[in-house]
Amino acid sequence: QAAELEVSQEQLQEQAAELEVSNEQLQETIEELSRRGAERDAAHGQLATVLEQSPTGIIIAEAPSGRFLFVNRRTHQIFGRSRLSEGVAAYSADWTGYHADGPDAGREVAPHEWPIARAVENGETVSAKVVEIVHADGHRLQISINAAPVLDPVGRVIAGVAVFDDVSEER
């Protein structure tokens, strides 16, 4: 029995040593993951700052609802509003816009016609669509909108992004 106990004790000591090595490896892995997480958080913070301070209006909306996930400061300046739309159906209640060009010129833009709606609902890419909007203070301006869907790795539309600028002076 003493010999068996001695063998068991040696086995336990070997297991304890193995556990110590595993614990050290686990601790190193945790530290590496923590470092990567901090780097990722810093990169996300930098990206958020760039988007917020962009000289171009930016909207990111989830698909297929069209609920706004992000709206930058320039967007609020262009529209004169700080409200975040809750979905495509609310777009024409939140904004007043008119088609600026083509056969529909002067006709009000319906909710599903806004480029960001077309991106999140249909996966469409819309380039240089000019819309005349009514600013919150009542004056009108023309904006050029580009919108595109954001796809997941298998190609499903998960969001949409729209960028736009006030082109009133140019037009």
Self-check item: Any D94 side-chain heavy atom under 4.5 Å of R81 side chain
Solution: no
Quiz item: Okay, side chain of H135, backbone of D137: is any donor-acceptor separation there less than 3.5 Å?
Solution: yes
Exercise. Tell me whether W95 is reachable from V88 by hopping between hydrophobic residues (I, L, V, M, F, W, Y) whose side-chain heavy atoms are closer than 4.5 Å.
Key: yes
Practice problem: Could you check if a side-chain atom of R140 sits within less than 4.5 angstrom of a side-chain atom of I133, using non-hydrogen atoms only? | Solution: no
Quiz item: Once you round to the nearest 0.5 Å, how far does CD1 of I59 lie from OG of S85?
Solution: 7.5 Å
Quiz item: With a cut-off of 6.0 Å (strictly less than), are more than 12 heavy atoms of other residues, nucleotides or ligands near CD of E39?
Solution: yes
Exercise. Grab the two heavy atoms, one from G80 and one from A136, that are nearest each other, plus how far apart they are.
Key: O-CB, 3.0 Å
Self-check item: Any donor-acceptor N/O pair, N72 side chain to T75 backbone, under 3.5 Å
Solution: yes
Practice problem: Determine yes or no for a side-chain-to-main-chain donor-acceptor pair under 3.5 angstrom, with S54 supplying the side chain and V50 the backbone. | Solution: no
Self-check item: Whichever hydrophobic residues join V134 through chains of side-chain contacts under 4.5 Å
Solution: Y98
Exercise. Consider only side-chain heavy atoms of I, L, V, M, F, W and Y, link residues closer than 4.5 Å, and tell whether V167 and V131 are in one cluster.
Key: no
Self-check item: Closest non-hydrogen atom pair between G123 and P149, with its separation
Solution: O-CG, 3.3 Å
Quiz item: If you take all heavy atoms of S127 and N146, which pair is closest and at what distance?
Solution: CA-OD1, 3.2 Å
Self-check item: Closest heavy-atom pair and its distance - S92, A110
Solution: OG-C, 3.5 Å
Quiz item: Looking at side-chain heavy atoms only, is the closest gap between H99 and E113 below 4.5 Å?
Solution: yes
Exercise. Give the ring-plane orientation class for F68 versus Y91, where under 30° counts as parallel, over 60° as perpendicular and anything between as tilted.
Key: tilted
Quiz item: Is the backbone of A148 close enough, under 3.5 Å, to the side chain of E124 for a donor and an acceptor to pair up by distance?
Solution: no
Quiz item: What do the steps show when you test E28 against E32 for side chain to side chain contact (heavy atoms under 4.5 Å, CB included), and what is the final call?
Solution: CA-CA 6 Å; E28 289 172 7; E32 175 66 14; over 6 Å; no
Identify every side-chain donor-acceptor pair in residues 10-19 under 3.5 Å, counting partners at least two apart or on other chains, and give the distances.
none

Quiz prompt | Minimal non-hydrogen separation, A63 against A159, with atom names | solution = CB-N, 3.6 Å
Quiz prompt | Contact summary for A100 and E132, nearest pair of heavy atoms | solution = CB-N, 4.2 Å
Practice problem: Please check if V126 and V109 belong to a single hydrophobic cluster, counting links between Ile, Leu, Val, Met, Phe, Trp and Tyr side chain heavy atoms closer than 4.5 Å. | Solution: no
Quiz item: Can we say E31 and R36 salt-bridge, meaning some charged N sits less than 4.0 Å from an Asp/Glu carboxylate O?
Solution: no
Quiz item: Do S144 and D165 have side-chain heavy atoms sitting under 4.5 Å apart?
Solution: no
Practice problem: Taking the side chain as every heavy atom from C-beta outward, state whether H112 and R118 have any pair of such atoms under 4.5 Å apart. | Solution: no
Practice problem: Evaluate the criterion side chain to side chain contact (heavy atoms under 4.5 Å, CB included) for residue pair I143 and I78; output intermediate values, then yes/no. | Solution: CA-CA 9 Å; I143 59 173; I78 290 172; 3.7 Å; yes
Quiz prompt | Fellow cluster residues of I158, listed by chain then number, with links counted only when side-chain atoms sit under 4.5 Å apart | solution = L47, L51, I58, I60, L69, F70, V150, V161, V163
Quiz item: Step by step, would you call E52 with T49 a side chain to side chain donor-acceptor pair (under 3.5 Å)?
Solution: CA-CA 5 Å; E52 182 60 35; T49 299; over 6 Å; no
Exercise. Inspect the surroundings of CZ in R156 and state if more than 12 heavy atoms from other residues, nucleotides or ligands are less than 6.0 Å away.
Key: no
